[in-house]
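Single-structure report; data block below.
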Amino acid sequence: MKNLVLSLFILNIGIIWSQSVSGVVIDSSSFEGIPFASVYFPDFEMGAKCDEEGKFSFAGSLPTDVKVRVSAFGYATMTKRIEIGSEVLSFVLSPTHLQLDEASVSSPVSEIQRENIVFIDARKLSEISLIPGTLGDVLSNMNGVYQSSTGQGISKPVIRGMQGARVLTMLNGLRIESQQWGGDHGLAFTEVGIGSVEVIKGPSSLMYGADALGGVLYFVDERFADQGTHSVTVSSKFESVTLGTTNKVKYKISGNNARFSFAGLYSDHADYALPNGRFAGNSRYNNVGGKIGFSYNRKKWLMNVRYNFSNGGIGLPGHSHDSVPDPADFQYADQRRNRIIPQQVSANHFTSLENKWFMKKGIVSLLVGHTYSGLEEYEEKLTTPALKVNLHNSLYHLKWKHRFSTALKLVVGVQGGYQVNRNGNTWTGEELIPDFDQSDNGAYSLLHFTGEKLSFLAGMRYDVRNLQAKNSELYGSFSRVYQSVNGSLGGVYADKLNTLRINVSSGFRSPHVSELSANGVHHGALRYEVGDVNLVSERATQMDLTYELSSEHLELIVNPFVNGITNYIYSNPQDSMVEGFPLFAFEQLPFALLYGGDVGVHYHPHFIHWLHIEAAYSHIESDNGSGGYLPMIPQNRVSSTFRVMLQDFFPGKFKISEVVVQYKYHVDQTRVAIDETKSPAYQLLDAGVNMTVEWKTPLEIGIGVRNLFNTSYIDHLSRLKNIELQHPGRNLYCQLKWTLDAPTKKKSNKEL
Amino acid sequence: MKKVTLLGIALLSLSIVSCKKCGECHYDAANGTEVEIGEYCGADLENIENNGYDVDGTNYTVHCGEH
């Protein structure tokens, strides 16, 4: 029975030969083994956890020349290349008070932050969701990242004041195309199974696309289970503000060379409660999501297969047949969750196959994938949509990384995709955007030099886009070709305490077909949108400076930037109504400027070991080139987190792990575009307690409250601002999480 | 280990609730009042939304679901 179960998940092909390697992880001060340290081969996604004596072992088909990452709580992470032979491995870690240099997956040349020319803010999802919330809520805990929301069910990430098609979302290297041009089209996947997120701000991401003028959000799944183990995790969260529940289940199993994981999520939320005791009408939503991952390696080859899906039914607040609606009409006296209209129904399916071949001095990787995004909007009829759009995108990314020496590395790649967008049958015959076919192809090259303290990066990229729009209502069928060459140049100086980076990069974004030829009501955005087929490509040039101070107890980051964009495309409100909705037309500014910066500090006092204090400030300014401002620029923000670690004070089985308090102050936004209203300042306080009951299988409990003082506020980026619908009021939550992990059957000599 | 395996398999299946779409329906009478005609589900709901509701030889457009 055990063999049958395991064989369903673990592949056994070809000639079998076994290899094993063992080692120990040691404390540099005491020279004692570090219990439960983690040893991980990131290129092969293979890991093992040390035992109580700091000893570990791997078995199976192992690479000989490999990068290893060794980490343990309270110690500085070590990353290095090693040769695996017959001798026992030994790694020495140094204690540290602050966990620095979070490893980066998205970096083209080095996963060590200090070696990267571009500042990559890499965070574990668990670190930014100490007080749980929606995926949009926790992303906005990262400095410089905001969210533009339509209630709780729809959230769009905003980086340095840019969103939509200017922010590129990647999931395990797969570019996600999910109709992000729409203001009410949120992230197309759930948080289940996500391990970390990396943010690259501005057009500094040549390897992923020159059109990411705002930046890149790179999501990475959780690691597979350690070798020879499997685990089940079940969690459930309840929130009072929506009487909502979010339930997740995860299962992972890893043999010697094969690894499998599964994750699923179901959430259901009623209309959220407003601070005034009423409820935001039709803000209810539900979501089903899941993913499957399979990984297999040999000595010099790795294969990953991944599938991710997310289906959601999201109410669209703000629907009214009145020409001048009363905001009170959108606030209900009682809380409901049954499906009503208007509603957005989304279905997203992402599939990818990645192969990596490891050579003596480099890696060749090929990723092919397919994304499907189906979007329906139900208006007036429950059974037949008023709007239906299906977007298919097939893509590829071939990349070659070569090490000429330890100092000089080259990355060369080609990538592209083919999008097919088709409107489905609706009762209105309405097409907000026409059917279109689009091909994108690009080639890039990056050269990285690493010295003892100085590193440099130079890169270039060429992109070409072919667009064929079919039978648009305004312009009939038309085609466009857009192409551009872009570059990036930068340097970094890093010593033991200080890191100074400077980077200049360019990007270009061709207009999306919605900006060229939209003509219709966009119910979710509460507007009638009209495109302009004469729009040309945007071009951006950004200068980015980062200074980091990293001492034993203090980390400081200062990151100013300036980003100039020519031919800036934006949606301009017109002074008229069409079909009962305000008219917005896509127009173009000759030049727009975005500038500002982020400052962050993390202090861990030597004399108060149990206290962590983090504070950050984000500031963004805009200029529309004629003395005015751009629309939808986020409010400047101060945020601080106090984290009190208490586990050492509880000797028994019940432990309070930590108490977390988060405070955010959003400065009033008075620098607004014409016909855009100003937004007042507001502040929020969230607090939570995380506990552990150390049974044989530990139970983690989290309780807390968001918006403790029931503050009534409307964020400047909220799409419900025009109907004066506030954000949720006080929200009490309770979260339970239970993880059971165990070794698989005793390892045999056969390679699994 | 056996318990973990069995539990893992048991929890692998997510129950995706698939339910019929239902809605309370009404039509607007000639004098402007809303006339409730009850709840319809599934194919009946789709039919009445697309084809309307006949009363004494007059076909009325039907609205279902609150909005």
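Values in this document were obtained by computation on a predicted structure and should not be read as measured data. Lettering of chains follows the sequences in order, A, B, ..., and the numbering in each one begins at 1.
Side chain of A:K248 to main chain of A:E191: no donor-acceptor pair is present (N/O by atom type, distance under 3.5 Å, no hydrogens or angles).
Taking the six-membered ring where the residue is Trp, A:F189 and A:F350 present perpendicular rings, their angle passing 60° and hence far from 30°. Ring orientation note: the planes of B:H26 and B:H63 are tilted relative to one another, at an angle of 30° to 60°.
Only the side chain of A:Y378 comes within less than 4.5 Å of a heavy atom of chain B; its backbone N, CA, C and O stay farther away.
A:R259 and A:S295 form a side-chain donor-acceptor contact under 3.5 Å, judged by distance and modelled atom types alone.
By the neighbour-count criterion of 12 heavy atoms within 6.0 Å, atom CG of A:D334 is densely surrounded, having more than that number from other residues, nucleotides or ligands.
The distance from atom NE2 of A:H269 to atom CG of A:D271, rounded to the nearest 0.5 Å, is 12.0 Å.
Residues of residues 46-57 of chain B that come closer than 4.5 Å to chain A, counting heavy atoms only, are B:E46, B:E49, B:N50, ordered by residue number.
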